[in-house]
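Comments concern the structure below.
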Amino acid sequence: MDITTLTPLFNFDEMAGAAQNSNGLTGRDILSVAQFDREMLSYIFARGREMREMVQRVGGVDMLKGYVLACLFYEPSTRTSSSFIAAMERLGGSVIPITSGVKFSSVSKGETLADTVRTLEQYADAIVLRHPEIGAAQKAADYASVPVLNAGDGAGEHPTQALLDLFTIREELGRVDGLNVAMVGDLRYGRTVHSLTKLLLRYDVSLRFVSPEILRLPLNIMNKVIDASVDVRETHEVADVIENADVLYVTRVQKERFSDLAQYEGVKDHYVITPDLMEKAKNKMVVMHPLPRVGEIHYSVDNDPRAAYFRQVKNGMFIRMALLAAVLGKA
Ligand code: ASP
């Protein structure tokens, strides 16, 4: 490939100048999807596409050279932590990875979240935080002077996941308006469902919520759905939604949120997406999952071209590259 053909596409210095005023994200925390309007979403998605193009062509750039990101994870993670690290490294920055469990940090000695965050900001330009408590990212942001990016606060929100989910829908189906989106599984504790639902309310969509009775969408989020006057239905059966769904968003039952494990056992194998079920679905639809899956999608569905969950994983890196560049004032 002739490298000179790349220059116009990736003139990030020029982009930085143009964008600093328009994205509104420079220096900001990313705590909830509530901060993103449609204009901002289009902006992030456009930057995400550029990141994809750049990675495909040259692998990485020096845009964030000299910048350091602290990844502080109080809960397990594979994709969110790795994609933030890969995103930072592909943009030329570096990472403090406290991702193999805070048990190896001073948290295990009893250090508070506030002190840990105030320590990390001495070294890093931004902090990615995953924590089991709802509101922990907001709390960290109250103490930190550098941007805090919420990588999941208990059963609360997971805004960067919702951005990559929405981006995946947009890239797979070419639009968001007019789609029928069915969410399946643990709608009560699934933070990715909470964030994606709120984000989808910015669009003209039909929503279908499929869950066992005890795992229905929390009332506070359902009230937002009702206030937005979108077409919405709840059911216990995937069979009720599969034929009309453009997006089947499947989730894991969040074992770690149950205080009564017998209750978990009673619902854990409630839904399994199989090739037989997929035969009833539209030809042009997508199956998504924030992963990890623990049985909700049969492995034999993976070869179906409509299975988008690993493409969704990859999109996570591009969207997090776009977010880091924006928050650090480089895009
Ligand atoms: N990885 C996602 C999350 O952290 C989904 C899950 O764990 O089921 O919320």
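Read the numbers this way: they start at 1 and go in the same order the structure lists the ligands and their atoms.
In this structure, M321 and M54 have side chains that are in contact, with non-hydrogen atoms separated by less than 4.5 Å.
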Let me have the donor-acceptor pairs involving side chains of residues 121-129, under 3.5 Å, with sequence neighbours excluded, atom names and distances please.
{"unit_1": "E121", "atom_1": "OE1", "unit_2": "S145", "atom_2": "N", "d": "2.5"}
{"unit_1": "E121", "atom_1": "OE1", "unit_2": "S145", "atom_2": "OG", "d": "2.9"}
{"unit_1": "Q122", "atom_1": "NE2", "unit_2": "R118", "atom_2": "O", "d": "2.9"}
{"unit_1": "D125", "atom_1": "OD2", "unit_2": "V68", "atom_2": "N", "d": "2.7"}

N/O donor to acceptor pairs below 3.5 angstrom from side-chain atoms of residues 273-283, sequence neighbours left out:
{"unit_1": "T274", "atom_1": "OG1", "unit_2": "L277", "atom_2": "N", "d": "3.3"}
{"unit_1": "K282", "atom_1": "NZ", "unit_2": "N244", "atom_2": "O", "d": "3.4"}
{"unit_1": "K282", "atom_1": "NZ", "unit_2": "D246", "atom_2": "OD1", "d": "2.8"}

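Within 6.0 Å of atom OH in Y264, more than 12 heavy atoms from other residues, nucleotides or ligands are found, so the atom counts as buried in its surroundings.
H131 contributes no side-chain N or O that, together with a main-chain N or O of A151, makes up a donor-acceptor pair within less than 3.5 Å.
The side chain to side chain donor-acceptor pair (under 3.5 Å) test applied to R191 returns E75, not counting sequence neighbours.
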Once you restrict both partners to nitrogen or oxygen, which atoms of ligand 1 have a protein partner under 3.5 Å, and how far apart are they?
{"unit_1": "ligand 1", "atom_1": "1 (N)", "unit_2": "L291", "atom_2": "O", "d": "2.9"}
{"unit_1": "ligand 1", "atom_1": "4 (O)", "unit_2": "R130", "atom_2": "NH2", "d": "3.1"}
{"unit_1": "ligand 1", "atom_1": "4 (O)", "unit_2": "R191", "atom_2": "NE", "d": "3.4"}
{"unit_1": "ligand 1", "atom_1": "4 (O)", "unit_2": "R191", "atom_2": "NH2", "d": "2.8"}
{"unit_1": "ligand 1", "atom_1": "7 (O)", "unit_2": "R252", "atom_2": "NH2", "d": "2.8"}
{"unit_1": "ligand 1", "atom_1": "8 (O)", "unit_2": "R252", "atom_2": "NE", "d": "2.8"}
{"unit_1": "ligand 1", "atom_1": "8 (O)", "unit_2": "R252", "atom_2": "NH2", "d": "3.2"}
{"unit_1": "ligand 1", "atom_1": "8 (O)", "unit_2": "Q254", "atom_2": "NE2", "d": "2.8"}
{"unit_1": "ligand 1", "atom_1": "9 (O)", "unit_2": "R191", "atom_2": "NE", "d": "2.8"}

